[in-house]
**Student:** 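Could you have a look at this structure, given as structure tokens, before my questions?
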Amino acid sequence: MMTSNYQELIQKHQKALATEASEKTKLWWEKYMKGVIPFRGVGIPKNRELLGEWRKANGIDNWTLENQLDLALEFFREPIAEDKLAGILLLQNYLYDKFPWKILLERYEEIYEQELIFDWNICDWFCVRILGATIKENGEQCAESIIKWKDADYLWQARSSVVPFVNLASESKYYPLIQEACSVLINRKERFSKTAVGWILRDISKQNEKIVISFVENHLKSFSKESLGNALKYLEKDRKNEYLQGLQKA
């Protein structure tokens with residue numbers, strides 16, 4: 001199917017989003033995200049509802065899965081957050097479990113190569129809703145492939161090697177892979193590389209505090225105050241303060 005046909009359909013959804021847009025919500029999100037990406041001002045539930053109506057009205061359910069996937073990924077080319085989120089919702093609700101995982105990861109890598117994900121909000125939605133679900137569906141081989149993204153030059157692909165495991169933090173079989181990726185990300189300079197480590201360690205600490213403490217002790221100098229505070233969020237207060245003070249002296 002021609003890309004122009006995808007664009008016509010995307011524009012139909014954009015018009016539907018425009019009818020539901022809230023200027024107040026738009027301004028709030030743009031301020032919260034410090035202007036790194038524009039918003040329309042439409043919440044996720046309404047976006048999901050409109051997508052369902054749009055799919056039905058345009059007969060998209062009857063398309064081949066390959067064309068549906070192409071259309072979902074085409075949404076990522078749009079510059080506005082809700083449009084990218086529409087692509088994520090299409091993948092989450094209709095497509096992520098309909099293809100071999102290797103094919104999906106190859107297509108997802110194109111999103112990063114073209115820098116179509118460039119902020120933490122879209123990145124984390126994609127990670128938790130799509131990549132995490134793909135790992136859960138397909139297991140350790142899939143996880144190993146995603147972990148390899150830790151070495152990517154592009155920040156948001158590197159961050160995506162860790163964040164998908166947030167909802168899998170209770171599954172200890174992934175801990176060696178997570179530690180491997182965290183060891184790389186914590187040594188990068190970017191804020192959102194380090195905060196990815198803090199986030200996953202925080203959730204792992206609910207299950208296995210010893211692993212988190214060991215990682216922190218081995219990499220303390222590489223943490224930021226923000227990422228360390230998050231990693232140790234659930235530790236006893238005095239223990240947490242001990243490491244935070246150690247970071248200041250490092």
Side-chain angles (χ1 to χ4, degrees), residues 1-30 33 36-138 142 156-157 160 164 167:
M1 186 168 291
M2 298 293 292
T3 301
S4 59
N5 292 335
Y6 295 148
Q7 282 301 313
E8 290 174 8
L9 285 167
I10 288 171
Q11 288 168 10
K12 288 182 180 180
H13 183 61
Q14 290 169 335
K15 288 179 181 179
L17 287 172
T19 65
E20 300 291 339
S22 161
E23 184 69 10
K24 182 179 178 181
T25 301
K26 165 187 166 66
L27 293 175
W28 187 93
W29 271 106
E30 290 180 347
M33 293 298 298
V36 298
I37 187 170
F39 282 78
R40 295 184 183 277
V42 182
I44 292 291
K46 177 55 69 172
N47 198 341
R48 183 184 292 111
E49 177 187 332
L50 292 173
L51 275 172
E53 295 170 358
W54 167 84
R55 278 176 54 85
K56 184 176 181 180
N58 292 284
I60 294 170
D61 298 27
N62 299 320
W63 288 18
T64 66
L65 288 174
E66 288 75 13
N67 282 339
Q68 291 187 49
L69 179 61
D70 288 343
L71 175 59
L73 296 178
E74 195 69 21
F75 271 95
F76 286 86
R77 297 187 181 281
E78 299 301 309
I80 299 178
E82 285 89 347
D83 302 349
K84 294 179 185 292
L85 288 167
I88 291 172
L89 290 169
L90 287 172
L91 293 171
Q92 177 188 1
N93 293 322
Y94 305 104
L95 295 167
Y96 83 91
D97 57 351
K98 300 296 192 301
F99 293 86
W101 64 265
K102 289 184 179 180
I103 289 176
L104 290 173
L105 293 193
E106 287 177 1
R107 299 301 305 275
Y108 297 160
E109 285 175 347
E110 295 172 8
I111 295 174
Y112 295 107
E113 288 168 1
Q114 297 172 50
E115 300 187 2
L116 302 179
I117 291 176
F118 51 80
D119 70 281
W120 66 260
N121 182 50
I122 299 300
C123 180
D124 293 355
W125 266 91
F126 185 66
C127 286
V128 173
R129 301 291 179 169
I130 306 304
L131 297 178
T134 304
I135 293 169
K136 189 173 182 64
E137 181 83 11
N138 296 284
C142 177
W156 303 109
Q157 185 172 7
S160 299
N167 287 342

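Computed from a predicted structure; not experimentally measured.
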**Student:** Using 4.0 Å as the upper bound for N to carboxylate O, is an ion pair formed by D70 and R107?
**Tutor:** yes
**Student:** As a quick check of understanding, evaluate side chain to side chain contact (heavy atoms under 4.5 Å, CB included) for L105 and L131, giving each step before the final call.
**Tutor:** CA-CA 9 Å; L105 293 193; L131 297 178; 4.2 Å; yes
**Student:** Can you check side chain to side chain contact (heavy atoms under 4.5 Å, CB included) on K84 and I117, steps first, answer last?
**Tutor:** CA-CA 8 Å; K84 294 179 185 292; I117 291 176; 5.8 Å; no
**Student:** Hey, does the side chain of E30 reach the backbone of F39 with a donor-acceptor pair shorter than 3.5 angstrom?
**Tutor:**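 Answer holds: yes.
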**Student:** When the side chains of residues 50-60 are checked against the rest of the protein, which donor-acceptor pairs come out under 3.5 Å, sequence neighbours left out?
**Tutor:**
residue : atom : partner : partner atom : Å
W54     : NE1  : L9      : O            : 2.9
R55     : NH1  : Q68     : OE1          : 3.1
R55     : NH2  : D61     : OD1          : 3.1
N58     : OD1  : K12     : NZ           : 3.2
N58     : ND2  : W54     : O            : 2.8

**Student:** Quick one: does E82's side chain have a donor or acceptor within less than 3.5 Å of a partner on G43's backbone?
**Tutor:**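 No: the side chain of E82 does not pair with the backbone of G43.
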**Student:** Out of curiosity, F99 CZ to L104 CG, how far, rounded to the nearest 0.5 Å?
**Tutor:**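 With rounding to 0.5 Å, CZ (F99) is 6.5 Å from CG (L104).
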**Student:** Using ring pair (Phe, Tyr, Trp, His ring centres under 6.0 Å) as the criterion, list what pairs up with Y94, not counting sequence neighbours.
**Tutor:**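 Y94 satisfies ring pair (Phe, Tyr, Trp, His ring centres under 6.0 Å) with no other residue.
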**Student:** Should K26 and E23 count as an ion pair when the cut-off is N to O under 4.0 Å?
**Tutor:** no
**Student:** Would you please say whether a donor-acceptor pair under 3.5 Å links the side chains of N47 and H13?
**Tutor:**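 Per modelled atom types, N47 and H13 side chains form a pair under 3.5 Å.
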**Student:** I would like to know whether I10 and D83 meet side chain to side chain contact (heavy atoms under 4.5 Å, CB included); could you show each step before the answer?
**Tutor:** CA-CA 8 Å; I10 288 171; D83 302 349; 5.7 Å; no
**Student:** Counting only heavy atoms from other residues, nucleotides and ligands, does the tally under 6.0 Å from NZ of K136 exceed 12?
**Tutor:**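 At most 12 heavy atoms, drawn from other residues, nucleotides or ligands, come within 6.0 Å of this atom.
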**Student:** Taking the side chain as C-beta and beyond, is there a heavy-atom pair between Y6 and N67 under 4.5 Å?
**Tutor:**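 A side-chain contact exists here, since the closest heavy-atom pair is under 4.5 Å.
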**Student:** For K98, is the NZ atom crowded, meaning more than 12 foreign heavy atoms sit under 6.0 Å from it?
**Tutor:**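 Yes.
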**Student:** Measure the CD-CH2 distance between E106 and W101 for me, rounded to the nearest 0.5 Å.
**Tutor:** 9.5 Å
**Student:** Quick check for you: to the nearest 0.5 Å, what is the distance between R129 atom CZ and I44 atom CD1?
**Tutor:**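 Going from the CZ atom of R129 to the CD1 atom of I44 covers 8.0 Å.
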**Student:** Of all the heavy-atom pairs spanning L95 and A72, show the shortest one and how long it is.
**Tutor:**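 Answer, listing the atom of L95 first, then A72: CD1-CB, 4.0 Å.
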**Student:** Once you round to the nearest 0.5 Å, how far does CZ of R40 lie from CG of L17?
**Tutor:** 6.0 Å
**Student:** Could you tell me the separation between the CG atom of L85 and the CG atom of L90, rounded to the nearest 0.5 Å?
**Tutor:** 11.0 Å
**Student:** Does N138 have any side chain to side chain donor-acceptor pair (under 3.5 Å) partners at least two apart in sequence or in another chain, and if so, which?
**Tutor:** none
**Student:** F126 and ring pair (Phe, Tyr, Trp, His ring centres under 6.0 Å): which partner among F118, Y108, W156?
**Tutor:** Y108
**Student:** Which atom names give the shortest non-hydrogen contact between S160 and Y112, and what distance separates them?
**Tutor:**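 For S160 versus Y112, the nearest heavy atoms are OG-OH, 2.7 Å.
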**Student:** Any chance you could measure T19, atom OG1, to K46, atom NZ, to the nearest 0.5 Å?
**Tutor:** 8.0 Å
**Student:** Does the pair L69 and L91 meet the rule for a side chain to side chain contact (heavy atoms under 4.5 Å, CB included), with working shown?
**Tutor:** CA-CA 8 Å; L69 179 61; L91 293 171; 3.6 Å; yes
**Student:** My understanding is that only one of N121, V128, I122 makes a side-chain contact (heavy atoms from CB on, under 4.5 Å) with W125; could you say which?
**Tutor:** N121
